[in-house]
Visitor: 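After the structure tokens below, expect a handful of questions from me.
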Amino acid sequence: MGIIKILDEKVSNMIAAGEVVENPASMIKELLENSIDAKSTYIKINIKNENRYVKISDNGNGMTKDDVLLSVERHATSKISTKEDLSNILTYGFRGEALSSISAVSRMSISSKTAEDSIGTFISLSGGKVTNLKEIQREKGTEIEIKDLFFNTPARLKFLRKESTEFRYIKDIVTQEALANPNISIILSFEDKEVLRTSGRGMKNTILEIFGKNTLQNVVSFPLGFLGNTSLNRSNKDGIFVFINNRPVKSKIIEEALIDGYYTKLMKGRYPFAILFIEIDPKEVDVNVHPSKKIVKFSDEKYIYNYVYDAVTEKLTGDEDFVTPSIPITKKNDNNFLDVSDFTDFVPKTFKEEIIKSEPMSFDIPEPIKNYEVNDFNIFDNFNENHEENKQDINSFENTSYDFSNLDDISYSLEKKETKDEAFLKKEFSIHEKTDKLNSMANKTINSKEKVSNSTLIKKDYRVIGQFANSYILVERKGILEIYDQHVVHERILYEKFKEEYQNKKISIQNLLVPIKIDISNKDKEIIENNLESLKNFGFEIDFFGKNDILIRAIPNLKFYSSIETLVRDIIEDLKNTKIKNSLIEEIVITASCKNAIKANHPLTNEEIEVLLDKFYSIKEYTCPHGRPIILKLTTFDIEKSFKRK
């Protein structure tokens, strides 16, 4: 006789219950999604007895007596009927296992009634066996009551986490479902005390009711949903909500695209707040990966990544107010928010739709007014102590005037503590002579600026007030006092410059007098061979020497604060990571930008500040490469309020 047998139905139900009902939160997810599929507009959930008692009531379509009896049978569902339906799933549930699995590990009762029936149906089960069936009077809709969850599976009961932890997971599930269904009123209570309530009056109200006023004031809409500004950053990914065809899911590829879209706008270890709604052809996504239906797979992950990444970066690029903090954060204009009370104005793009063919994206904040033209002055290079100009005879300086049509004469020496003007004046003049000399230089500067103004029609929309603590730049712009960190401003400029040089293969190279030999493994050698062109573009010249050695003949002409061997080994380790964006090469560019930028306590003239700001405004990026804000804003209202005038 064979040893393979058909499992008893009770045992198979217990196995299915182990997949569907992992914990109270997973059970509530199944029940809540059933109520949503039933077209409910009002759902109430009450949790008691250490999360082992659940009552969920809705005003949905309800069930007839026959449907109630079938609903507790395994693989009984109204959502699909053929295998082709699995490729076109638009409802939350479709497996037909939820109620059967829940009843197998609890004492459950169901009461339901349709609008057409004159009387409702009540059924109770214990451990999957029907214990009572009768007719009752009730309103349209369904109520399901779960008692003593896992009463007959002590092992499962033993491994439940503490009550507060399990309830936090329940609240997270309800929050996700409420965001996915802003037109449904959902109420969650714990021990008869209301914990969460949404009114079902649209997304704007749902965000307000779940997250509060501060979150609502600091999010903006974009074609894929809502993005939080930098003030809403978090230490984990709990603020990222992803919905595929309105189904809450976890998608690593989408989370990576979103986080990469915020790259250089958030500090390392911080994550954005975002609510993303993505509409995809059901045939292009598989939600049948796991019984929980949380995990999805895409037929074209690369396209999905670029689709989300491009949408996020396009929204955030050049949006100064969105990434710049104020003192204090004042209430934003309501026009910054999309009124999606019934989603009539919110139409997510569909999968495989080319972005360039879509409707223009709506930006809440207008582009900055371009009232000036600036020549592309190359004054932001890393200058050497032995710059040719520094060799000029000091006596010829008296006849030198600042020609603002070619500001290469103004250099930032990162090692000096005083400017060339200050050193000259200190050495050659007395106090009275210094005053006369400054007046003479000022007149020459004014004449030079007038000459450039007449030729290039430069018009500034800002006024430099000066420098504070030799580290911060004070500017009046558009009626607002703005404070700039000069190091961070220059760091961003250099970052964009170095990045462009790398992309255009223009990184300057430093040839080594003696090549450095490094011993590597066969796997590392293969990685270098596959990425040799990228390394060459960044300035590394590498030759293979022998079986397991490489020779480093040249490196990028940038400041590095580790040995060349350590640097190369770190790059090899990074190249083992399949993730392309934010690689170690990117980190090297950031480090080089930071080390070569103007430091704090470095005095700047107003003319140098203007050149710095003109270049910065042309970039339209308002955070440093590490994600710190560059500008701090203080409005007239804020100042008057501080002086008790308002």
Side-chain angles (χ1 to χ4, degrees), residues 16-40 42-48 50-58 60 71-72 74 77-80 89-106 108 110 142-147 149-150 153 156 159-161 163-182 184-190 195-198 206 210 238 240-251 275 277 287-296:
E19 295 178 339
V20 177
V21 192
E22 298 175 309
N23 49 45
S26 61
M27 178 187 68
I28 287 172
K29 179 179 184 293
E30 297 290 341
L31 297 175
L32 182 53
E33 290 180 345
N34 278 346
S35 293
I36 294 170
D37 283 339
K39 303 189 184 323
S40 305
Y42 174 88
I43 304 171
K44 184 175 182 180
I45 308 166
N46 191 19
I47 313 293
K48 294 181 182 179
E50 298 180 342
N51 306 304
R52 295 179 61 204
Y53 172 91
V54 176
K55 179 188 283 188
I56 179 168
S57 308
D58 66 56
S71 68
V72 295
R74 194 174 177 199
T77 179
S78 61
K79 316 298 172 55
I80 62 175
I89 296 171
L90 295 175
T91 57
Y92 284 120
F94 58 87
R95 289 175 174 271
E97 289 185 316
L99 294 181
S100 173
S101 299
I102 294 170
S103 68
V105 292
S106 69
M108 181 176 75
I110 304 173
T142 301
E143 179 178 281
I144 300 177
E145 187 176 37
I146 312 294
K147 298 178 181 178
L149 180 64
F150 300 139
T153 54
R156 187 81 51 80
F159 286 100
L160 284 180
R161 287 152 292 201
E163 183 178 17
S164 59
T165 303
E166 291 289 354
F167 184 73
R168 187 175 77 248
Y169 291 142
I170 292 172
K171 188 177 178 182
D172 288 344
I173 290 292
V174 176
T175 297
Q176 292 171 5
E177 299 292 353
L179 289 172
N181 300 276
I184 299 177
S185 175
I186 300 177
I187 301 170
L188 173 64
S189 299
F190 182 71
V195 176
L196 182 147
R197 173 190 286 265
T198 62
T206 301
I210 294 176
D238 289 349
I240 299 175
F241 300 90
V242 179
F243 302 90
I244 304 295
N245 295 339
N246 232 38
R247 181 191 301 279
V249 299
K250 282 290 181 183
S251 172
I275 305 172
F277 295 92
V287 299
N288 196 22
V289 178
H290 188 272
S292 67
K293 300 182 286 291
K294 293 179 186 176
I295 303 170
V296 295

Visitor: Closest heavy-atom contact between Ala180 and Asn246?
Guide: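 In terms of heavy atoms, the two residues are closest at O-ND2, 2.7 Å.
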
Visitor: Return the orientation label for the Phe277 and Phe243 ring planes: parallel under 30°, perpendicular over 60°, tilted otherwise.
Guide: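 It falls in the parallel class, under 30°.
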
Visitor: For the backbone of Arg247 and the side chain of Asn245, can you confirm whether one donor and one acceptor N or O come within less than 3.5 Å of each other?
Guide: no

Visitor: Is there a donor-acceptor contact under 3.5 Å from the side chain of Glu166 to the main chain of Arg161?
Guide: yes

Visitor: Between the side chain of Arg156 and the main-chain N/O of Val105, is any donor-acceptor distance below 3.5 Å?
Guide: no

Visitor: Taking the side chain as everything from C-beta on, heavy atoms only, tell me whether Leu149 gets closer than 4.5 Å to Val54.
Guide: no

Visitor: Is a donor on one side and an acceptor on the other found under 3.5 Å between the side chain of Thr198 and the backbone of Ser185?
Guide: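 Checked: no pair found.
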
Visitor: Between Ile184 and Ile43, is there a side-chain heavy-atom distance shorter than 4.5 Å?
Guide: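 Answer yes - side chains close enough.
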
Visitor: Find the distance between CD1 (Ile45) and CD1 (Ile186) and round it off to the nearest 0.5 Å.
Guide: 6.5 Å

Visitor: Mind checking whether Val195 and Phe167 have side chains closer than 4.5 Å, heavy atoms only?
Guide: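 SC-SC contact between Val195 and Phe167 confirmed.
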
Visitor: Are Met108 and Val72 side-chain neighbours, meaning at least one heavy-atom pair lies under 4.5 Å?
Guide: yes

Visitor: In sequence, state the C-alpha distance, the side-chain angles, and the governing distance for Ile244 and Ser251, and then conclude on side chain to side chain contact (heavy atoms under 4.5 Å, CB included).
Guide: CA-CA 9 Å; Ile244 304 295; Ser251 172; 5.8 Å; no

Visitor: For the atom pair NZ (Lys29) and CG (Asp172), what is the distance rounded to the nearest 0.5 Å?
Guide: 13.0 Å

Visitor: Give a yes or no on whether the backbone of Ile187 and the side-chain of Arg197 come within a donor-acceptor separation of less than 3.5 Å.
Guide: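 No, Arg197 side chain to Ile187 backbone: no donor-acceptor pair under 3.5 Å.
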
Visitor: Can you confirm whether Ile146 sits close enough to Leu31 that some side-chain heavy atom of one is under 4.5 Å from a side-chain heavy atom of the other?
Guide: yes

Visitor: Does the side chain of Met27 reach to within under 4.5 Å of the side chain of Phe150, using non-hydrogen atoms?
Guide: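 Sidechains of Phe150 and Met27: no contact.
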
Visitor: Is there a side-chain contact between Ile173 and Tyr169 in this structure, where contact means two heavy atoms from C-beta onward sitting under 4.5 Å apart?
Guide: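 Of all side-chain heavy-atom pairs linking Tyr169 with Ile173, none is under 4.5 Å.
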
Visitor: Looking at OG1 of Thr175 and CG of Asp238, how far apart are the two atoms once the value is rounded to the nearest 0.5 Å?
Guide: 11.0 Å

Visitor: Could you tell me whether a side-chain N or O of Thr206 sits under 3.5 Å from a main-chain N or O of Leu179, the two making a donor and an acceptor?
Guide: no

Visitor: From Arg52 CZ over to Glu163 CD, what is the distance, rounded to the nearest 0.5 angstrom?
Guide: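 Spacing of CZ (Arg52) from CD (Glu163) equals 11.5 Å.
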
Visitor: Can you check whether Pro24 reaches Leu160 side chain to side chain, under 4.5 Å on heavy atoms?
Guide: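 Heavy-atom side-chain distance check passes, below 4.5 Å.
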
Visitor: Say whether, by atom type as modelled, one donor and one acceptor occur between the side chain of Asn46 and the main chain of Lys55 under 3.5 angstrom.
Guide: no

Visitor: Going from CD1 on Ile102 to CD1 on Ile144, what distance comes out if it is rounded to the nearest 0.5 angstrom?
Guide: 7.0 Å

Visitor: Using 0.5 Å steps for rounding, measure from the CD1 atom of Ile47 to the CG atom of Leu188.
Guide: 6.0 Å

